[in-house]
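In what follows, every heavy atom counts, from backbone to side chain, and hydrogens, waters and symmetry copies are set aside.
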Amino acid sequence: MNYIELINHFWAVHEEQTFRTVEVALYFYLLKVNNACLWKKYFRRNNRKVEADLGISFNTLKEARNNLKEAGLIDFRSISGNGNVTYTLRQTSSDSDEVSFEDIDEVPVDLFTRLATGKDKPNQTKQKKEKEEKEVLLRFSPPSMEEVKLYFREKGLSEALATGRAERFYHFYDSKNWMVGKNKMANWKSAATRSLTWQDVSQKSVYVHPATSYKFKNIENDTRW
């Protein structure tokens, strides 16, 4: 079986049939699976797996599959109540009279399990996370210094205190490219509100454990120092 011949034959038939997008996708999907099966004449694929990989319904799959069969590009056998369908790719339309499923047992059963859970499965979680991160980048717009000052004044801070807090907040996150950890900031006002709990740099203090507080309170009076 020649990979290029199969592709060229498909496009030649396509010129006459004008396949829909879903039929083109299904054929090349089966071509990829057959390649992963090391070009066995017969190979199995579960309906649910095909539906999930191509993002189509079962009825759409059935219709596309039947159209490809009628065009002489594939043949398949399904058993009622069993989602595993046996496929074969036809190299030419004349193959239709030669299709036989007698040697189907030659295909290793565990191969289809590996395909269903292996590297050909898209990492949907990673793709979803990347999509969400891009949406955040598109949504978020860094505030100006004046916007931050106004927000702190609206929080009830005096002019001087609002200015100091705003400058500290703005310069801190601007230097980090408005990142929170490894993620882009989603809402600067929420971050600004949390920053009100930051300890004022001018109010330096040392945490003293209650068990040792007496010693630290009297350290200045200790003649040993």
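- Around CD of Glu154, the count of heavy atoms belonging to other residues, nucleotides or ligands within 6.0 Å exceeds 12.
- Linking Ile, Leu, Val, Met, Phe, Trp and Tyr whenever their side-chain heavy atoms come within less than 4.5 Å leaves Leu150 and Trp188 in two separate clusters.
- Salt-bridge annotation for Asp53 and Arg45: present, with a side-chain N of the basic residue lying under 4.0 Å from a carboxylate O of the acidic one.
- Of all the heavy atoms in Arg90 and Lys69, the pair that sits closest is NH1-O, 3.7 Å.
- Looking at every heavy atom in both residues, Leu6 comes nearest to Tyr27 through O-OH, 3.5 Å.
- Proximity of Phe19 to Val13: side-chain heavy atoms (C-beta onward) are separated by under 4.5 Å at one or more points.
- From Arg44, atom CZ reaches atom CZ of Arg77 across 8.0 Å, with rounding to the nearest 0.5 Å.
- For Phe28 and Trp11, the ring centers are positioned less than 6.0 Å apart.
- Taking CG of Asn84 as the start and CG of Asn47 as the end, the distance is 8.0 Å to the nearest 0.5 Å.
- Contact record, Gly72 with His9: O-NE2, 4.5 Å, taken as the closest heavy-atom pair.
- Contact detail for Val33 and Phe43: the closest heavy-atom pair is CG1-CD1, 3.9 Å.
- For the atom pair CG (Asn66) and CD1 (Ile74), the distance works out to 8.0 Å, reported to the nearest 0.5 Å.
- Considering every non-hydrogen atom in both Thr60 and Ser57, the closest pair reads OG1-OG, 2.9 Å.
- Residues Leu54 and Val22 have side chains not in contact (no heavy-atom distance under 4.5 Å, counting atoms from C-beta outward).
- Annotation: side chain of Phe58 is not in contact with side chain of Val50 (no heavy-atom distance under 4.5 Å).
- Taking OH of Tyr87 as the start and CG of Asn34 as the end, the distance is 12.0 Å to the nearest 0.5 Å.
- When atom types are taken as modelled, the side chain of Thr88 and the backbone of Asp75 share no donor-acceptor pair closer than 3.5 angstrom.
- For the side-chain hydrogen bond (donor to acceptor under 3.5 Å, both in side chains) test, no residue two or more places apart in sequence or in another chain qualifies with Ser190.
- With rounding to the nearest 0.5 Å, the separation of OG1 in Thr163 from CD in Glu146 is 8.0 Å.
- The shortest distance between side-chain heavy atoms of Met179 and Met185 does not fall below 4.5 Å.
- Shown here for Lys149 and Ala166, the closest heavy-atom pair between the two residues is CG-CB, 3.5 Å.
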Query raised in the report: Could you walk me through whether Lys184 and Asn177 pass the side-chain contact (heavy atoms from CB on, under 4.5 Å) check?
Result: CA-CA 8 Å; Lys184 195 72 173 180; Asn177 194 28; 3.7 Å; yes
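- Put simply, the side chain of Phe152 reaches to within 4.5 Å of the side chain of Ser195, judged on heavy atoms.
- For residues 58-68, every residue pair satisfying the salt bridge (Lys or Arg N to Asp or Glu O under 4.0 Å) rule, not counting sequence neighbours, is listed here: Arg20-Glu63.
- To the nearest 0.5 angstrom, Phe10 atom CZ is 10.0 Å from Gln17 atom CD.
- When ring centroids are compared, Tyr170 and Trp178 come within the 6.0 Å threshold.
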